[in-house]
Student: 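Before I ask anything, here is the structure I am working with.
All values below were derived from every heavy atom in this structure, side-chain atoms included, with hydrogens, water molecules and symmetry-related copies excluded. All ligand and atom numbering here is 1-based and tracks the order in the structure. Note that the coordinates shown come from a computational prediction; the quantities given were computed from them, not determined experimentally.
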Amino acid sequence: MHFLPEKLDEYVVAHSEEEPDLLQQLTRETYQKILQPIMLSGPYQGRVLSMISKLINPSSVLELGTFTGYSTLCLAEGLQKDGTIHTIDINEELEDFQRKYFDKSGYGKQIIQHVGNALNIIPKIDATFDLVFIDADKPNYSNYFHLVIDKLKSGGIILSDNVLWHGKVVEKLNPKDISTKAVLDYNTLLKNDPQIETVVLPIRDGLTISRKL
Ligand SMILES: C[S@@+](CC[C@H](N)C(=O)[O-])C[C@H]1O[C@@H](n2cnc3c(N)ncnc32)[C@H](O)[C@@H]1O
């Protein structure tokens, strides 16, 4: 969904960084071989993630929802030399695809893949994080927040994707629409939780930045 008029959106993209070649390849192969390629972060949001990661220069990152590894590689661009990313996805069929691109990227040794339900895996990771990217199943967003907040360092950042949920957050709620209800509850949680400060960016499907105090 474009929140800006299309022409302005094109202008914004044209005056932002170009997508690296490897990510163009990854996108092509995702569209050829993987179901629901629309889940990719995409070139513009990818450059936003890369820029935010470079500004933070994290030593440790946690990503929930690896998919084919696009956003993982964008976040990796800002990592410290000896920094690491833990990335979790429930779909085991994606693991080899991700690894192929992680190794091609030069960040392969810094990326630790976890296959399984993030709800079970997060508590088992013995690390604290400078940056967390939440981009897995929407109904669990609030659960993910509660699981990661104590592992986030003071001053650390949580990025949450799809927080405007195709604009549905301002439409009349269909009680059967579990995902929209979950995103609404999550946005309220981020706004009200005294441990963090939050701004919502109307980028692509909505990206929230929350900073731990
Ligand atoms: C929107 S995609 C992630 C896109 C990716 N971050 C990117 O930008 O290219 C969401 C991913 O979350 C994964 N997922 C869904 N439920 C999950 C869960 N409970 N635990 C871990 N991963 C989950 C899906 O398999 C899917 O690959």
Student: So, applying side chain to side chain contact (heavy atoms under 4.5 Å, CB included) with Ser53, which one of Asp130, Leu131, Leu159 is it?
Tutor: Leu131
Student: Determine whether any heavy atom of Leu40 lies closer than 4.0 Å to an atom of ligand 1.
Tutor: yes
Student: Any N or O of Leu94 that comes nearer than 3.5 Å to an N or O of ligand 1?
Tutor: no
Student: Between His114 and His86, how do the two ring planes meet: parallel, tilted or perpendicular, split at 30° and 60°?
Tutor: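 The arrangement is parallel - the two ring planes meet at less than 30°.
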Student: Heavy atoms only: which of Ile90, Asp205, Asp161 is nearest to atom 22 (N) of ligand 1?
Tutor: Ile90
Student: Any idea which atoms of ligand 1 are less than 4.0 Å away from a heavy-atom of Ala118?
Tutor: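 So the atoms of ligand 1 that pass are 18 (C), 20 (N), 21 (C).
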Student: Quick check on contacts: which atoms of ligand 1 are under 4.0 angstrom from a heavy atom of Tyr70?
Tutor: 9 (O)
Student: Just wondering, more than 12 heavy atoms not from Leu35 lying within 6.0 Å of its CG?
Tutor: no
Student: Tell me if a side-chain donor or acceptor on Glu63 pairs with a main-chain N or O of Ile134 at a distance below 3.5 Å.
Tutor: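 No; judged by distance alone, with no hydrogens or angles, the pair does not exist.
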Student: For atom 25 (O) of ligand 1, what's the nearest protein heavy atom and its distance?
Tutor: Asp89 OD1, 2.6 Å
Student: What residue and atom, counting heavy atoms only, is the protein's closest point to atom 10 (C) of ligand 1, and at what distance?
Tutor: Asp135 O, 3.2 Å
Student: If you measure from each non-hydrogen atom of Ile121 to ligand 1, which part falls under 4.0 Å: side chain, backbone, both or neither?
Tutor: neither
Student: Atom 7 (C) of ligand 1: which of Gly46, Gly42, Ser71 has the nearest heavy atom?
Tutor: Ser71
Student: For the residue pair Phe145 and Tyr141, is the inter-centroid distance of their aromatic rings smaller than 6.0 Å?
Tutor: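 No; Tyr141 has its ring centre 6.0 Å or more from that of Phe145.
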Student: Could you list the atoms of ligand 1 found under 4.0 angstrom from a heavy atom of Asn117?
Tutor: 18 (C), 19 (N), 20 (N)
Student: Is Gly65 in polar range of ligand 1, meaning some N or O pair under 3.5 Å apart?
Tutor: yes
Student: Which ligand 1 atoms, with their elements, are less than 4.0 angstrom from a heavy-atom of Tyr144?
Tutor: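 Matching atoms, with element in brackets: 18 (C), 19 (N), 20 (N).
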Student: Taking everything shown except Ile112 itself, do over 12 heavy atoms lie less than 6.0 Å from its CD1?
Tutor: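 Buried by this count: over 12 neighbours within 6.0 Å.
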Student: When you measure from atom 9 (O) of ligand 1 to every protein heavy atom, which one gives the shortest distance, and what is it?
Tutor: Ser41 N, 3.4 Å
Student: For Glu171, I'd like to know if atom CD has over 12 heavy atoms of other residues, nucleotides or ligands within 6.0 Å.
Tutor: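 Yes, the 6.0 Å shell around CD holds more than 12 heavy atoms from other groups.
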Student: Give the residue and atom name of whichever protein heavy atom lies nearest to atom 2 (S) of ligand 1, and the separation in Å to one decimal.
Tutor: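 Here the closest protein heavy atom is Met39 SD, 3.6 Å.
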Student: More than 12 non-hydrogen atoms from neighbouring residues, nucleotides or ligands closer than 6.0 Å to CD on Glu92, yes or no?
Tutor: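 Incorrect, the count does not exceed 12.
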Student: Among protein heavy atoms, which lies nearest atom 15 (C) of ligand 1, and at what distance?
Tutor: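 Result: Asp137 N, 3.8 Å.
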Student: Give the atoms of ligand 1, by number and element, whose distance to some non-hydrogen atom of Gly116 is under 4.0 Å.
Tutor: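 Answer for ligand 1: 20 (N), 21 (C).
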Student: Any luck finding a side-chain donor-acceptor pair between Glu19 and Tyr70 under 3.5 Å?
Tutor: yes
Student: Among Asn162, Thr180, Asp161, which one satisfies side chain to side chain donor-acceptor pair (under 3.5 Å) with Lys138?
Tutor: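 When Asn162, Thr180, Asp161 are each tested with Lys138, the side chain to side chain donor-acceptor pair (under 3.5 Å) holds only for Asn162.
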